Participant: 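I am attaching a structure below and will ask some questions about it afterwards.
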Amino acid sequence: MWSWVAHRVTGVLIFFFLFVHVLDTALVRVSPEAYDEVVATYKTPLVALLEYGLVAAILFHALNGLRVIAVDFWSKGTRYQKQMLWAVVGVWVVLMIGALYPVLGHAAAEVFGS
Amino acid sequence: MSNNTVKTDTAASGIGPVEGDSLYSVDNPAPVIEPPRQRTKKTPRSTRGNFELYAWLFMRLSGVVLVVLVIGHLVVQLVLDGGVQKIGFAFVAGRWASPFWQVWDLLMLWLAMLHGTIGLRTIINDYAERANTRVWLKGLLYTATVFTILLGTLVIFTFDPNIR
Ligand code: HEM
Ligand code: HEM
């Protein structure tokens with residue numbers, strides 16, 4: 001039940017991000033300066049935190065989506081849906097720890113100085 | 001316990017005291033229940049297509065492909081080669097010089113937008129209870145979808161590294 005709510009919420013979040021993301025990418029047709037200026041905001045610590053959140057949303061939606069697909073198409077899917085949910089949570093935690101440094105490393109260095 | 005007495009006693013209510021014991025006989029036939037959605041001369045065939053089935057299937061097929069496309073995209077943009085710090089006009093120019101990444105981005109754009117739009121359509125159908133609200137929200141949604149897909153496609157096809 002909670003996984004279904006989370007799947008919904010993350011799906012909507014990703015959709016709204018994608019809408020804005022296509023708009024910001026379209027600035028490459030305006031001028032290199034306009035594009036670089038907007039992308040510069042992506043490199044600030046606060047937005048880096050948002051990017052980490054986006055990664056969290058996508059990884060959960062993707063992993064849980066694969067679980068939903070397995071439940072629908074795999075003959076034993078329904079029987080193992082609970083175990084698969086724990087697998088989703090486990091893989092998600094591992095990947096989120098792995099993403100810490102690549103996504104937040106630069107921001108951390110900027111905020112805490114190094 | 002005599003079956004006969006039970007039948008005559010409770011036939012009017014239609015409920016027998018023993019589960020699985022038939023209440024009906026030749027003299028006391030069960031009421032006829034018409035099959036729902038029976039085809040008549042006015043509605044000879046199914047009047048609806050299989051749209052919902054195809055939408056359901058598309059969500060799953062596109063989902064599998066999107067796992068590769070979107071997570072690959074995130075690794076390229078956020079992890080490899082200095083992460084988000086390297087992104088700029090020159091970086092995009094370098095990537096879209098390759099037809100491989102052009103096709104990658106194009107496919108990701110179309111699949112993610114259609115997948116997200118069908119998903120939001122389901123959510124609108126679930127929560128917007130008034131018919132009017134539903135029509136307006138979906139109209140807004142489809143307008144945004146067509147606009148975004150067209151803009152994104154145009155940007156990939158008309159990208160000009162020598163714009164300045
Ligand atoms: C914060 C994370 C992200 C960053 C930094 C990022 C960065 C970029 C960049 C630099 C481009 C330009 C083309 C290229 O280099 O391939 C691009 C294009 C694109 N990205 Fe992302 N991206 C992110 C997340 C996402 C996500 C989550 C999605 C899908 C849901 C997505 C979908 C797309 C699409 C469809 C295009 C092509 C846009 C167009 O046709 O104009 N991106 N992205
Ligand atoms: C990364 C790979 C992805 C996978 C494996 C995936 C998988 C799925 C699946 C299987 C469903 C159907 C759930 C159901 O019928 O109960 C779904 C729903 C949905 N997805 Fe995705 N998806 C992915 C990416 C995306 C992206 C990029 C977006 C946004 C643009 C998105 C937005 C949605 C929305 C809004 C729903 C509807 C949620 C609902 O009805 O509760 N998904 N996804």
Side-chain angles (χ1 to χ4, degrees), chain A residues 7-44 47-48 51-52 54-55 58-59 61-66 68-73 95 98-99 101-107 109-110, chain B residues 56-57 59-64 66-71 73-75 77-93 96 105 108-109 112-113 115-120 122-123 126-127 141 144-145 147-156 158-164:
Chain A
H7 195 83
R8 226 171 218 193
V9 172
T10 51
V12 175
L13 277 176
I14 302 165
F15 183 85
F16 286 136
F17 164 79
L18 184 57
F19 180 70
V20 176
H21 183 46
V22 172
L23 291 182
D24 68 52
T25 303
L27 287 174
V28 295
R29 293 298 298 129
V30 177
S31 76
E33 291 78 21
Y35 184 75
D36 287 347
E37 209 171 295
V38 168
V39 172
T41 60
Y42 280 14
K43 304 176 184 179
T44 59
V47 181
E51 278 151 20
Y52 193 68
L54 179 71
V55 171
I58 293 197
L59 285 179
H61 190 96
L63 292 169
N64 189 58
L66 291 178
V68 170
I69 295 170
V71 169
D72 286 345
F73 288 107
L95 290 177
Y101 180 73
V103 178
L104 292 176
H106 187 92
E110 204 169 299
Chain B
W56 181 90
L57 199 60
M59 288 307 275
R60 277 136 189 88
L61 294 180
S62 61
V64 172
L66 279 170
V67 171
V68 177
L69 292 177
V70 174
I71 294 185
H73 185 69
L74 285 178
V75 169
Q77 305 295 354
L78 292 179
V79 179
L80 299 180
D81 205 10
V84 81
Q85 301 298 325
K86 74 196 168 231
I87 297 177
F89 186 84
F91 172 77
V92 178
W96 279 346
D105 282 355
M108 183 166 61
L109 170 76
M113 281 308 296
H115 176 105
T117 301
I118 297 179
L120 277 181
T122 306
I123 296 177
D126 278 358
Y127 297 124
L141 173 65
T145 302
F147 170 79
T148 311
I149 290 184
L150 286 183
L151 177 67
T153 306
L154 197 76
V155 166
I156 294 178
T158 67
F159 179 74
D160 175 9
N162 305 311
I163 190 169
R164 180 136 309 146

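Residue numbers begin at 1 in each chain, while the letters A, B, ... track the order of the sequences. FYI, side chains are in, hydrogens and waters are out, and symmetry mates aren't considered; it's all heavy atoms of this structure. The structure displayed is predicted, hence computed values, not measured ones.
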Participant: Between CG of A/Leu18 and NE2 of B/His115, what distance do you get to the nearest 0.5 Å?
Facilitator: 11.0 Å
Participant: Please flag which part of B/Ile149 lies under 4.5 Å from any non-hydrogen atom of chain A: side chain, backbone, both or neither.
Facilitator: neither
Participant: Quick check for you: to the nearest 0.5 Å, what is the distance between B/Leu74 atom CG and A/Glu51 atom CD?
Facilitator: 10.0 Å
Participant: Restricting to non-hydrogen atoms, name the atom on A/Arg29 and the atom on B/Phe159 that form the minimum distance, rounded to 0.1 Å.
Facilitator: CD-CA, 4.0 Å
Participant: Atom CD of B/Gln85 and atom CD of A/Glu110: how far apart are they, to the nearest 0.5 Å?
Facilitator: 7.0 Å
Participant: Of all the heavy-atom pairs spanning B/Leu151 and A/Ala26, show the shortest one and how long it is.
Facilitator: CD2-CB, 3.8 Å
Participant: What option among B/Tyr127, B/Phe91, B/Trp96 has the most heavy-atom pairs under 4.5 Å with chain A?
Facilitator: B/Tyr127
Participant: Looking only at atom types and distance, does a side-chain atom of A/Asp36 sit under 3.5 Å from a main-chain N or O of B/Phe89, one as donor and one as acceptor?
Facilitator: yes
Participant: Got a second to check how far A/Leu95's CG is from B/Ile71's CD1, nearest 0.5 Å?
Facilitator: 7.5 Å
Participant: Contact part of B/Met59 toward chain A, heavy-atom cut-off under 4.5 Å: side chain, backbone, both or neither?
Facilitator: neither
Participant: Counting only heavy atoms closer than 4.5 Å, note whether A/Phe73 contacts chain B via side chain, backbone, both or neither.
Facilitator: side chain
Participant: For the candidates B/Val79, B/Ile123, B/Val67, which exhibits the highest count of non-hydrogen atom pairs separated by less than 4.5 Å from chain A?
Facilitator: B/Ile123
Participant: Identify which of B/Gly119, B/Gly116, B/Gly152 forms the greatest number of heavy-atom pairs closer than 4.5 Å to chain A.
Facilitator: B/Gly116
Participant: Would you say B/Leu78 and A/Tyr42 make side-chain contact, with heavy atoms under 4.5 Å?
Facilitator: no
Participant: Shortest non-hydrogen contact from A/Lys43 to B/Val84?
Facilitator: CE-O, 3.4 Å
Participant: Which bit of A/Val39 is near chain B, if near means a heavy-atom gap under 4.5 Å: side chain, backbone, both or neither?
Facilitator: side chain
Participant: Which of the residues A/Pro32, A/Ala34, A/Ala40 is involved in the greatest number of heavy-atom pairs with chain B at under 4.5 angstrom?
Facilitator: A/Pro32
Participant: Where on A/Leu59 is there a heavy atom nearer than 4.5 Å to chain B: the side chain, the backbone, both, or neither?
Facilitator: side chain
Participant: Are B/Arg60 and A/Val68 packed together at the side-chain level, in the sense that at least one heavy-atom pair is separated by less than 4.5 angstrom?
Facilitator: yes
Participant: Which bit of A/Val30 is near chain B, if near means a heavy-atom gap under 4.5 Å: side chain, backbone, both or neither?
Facilitator: backbone
Participant: What's the spacing between A/Arg8 CZ and B/Asp126 CG if we round to 0.5 Å?
Facilitator: 4.5 Å
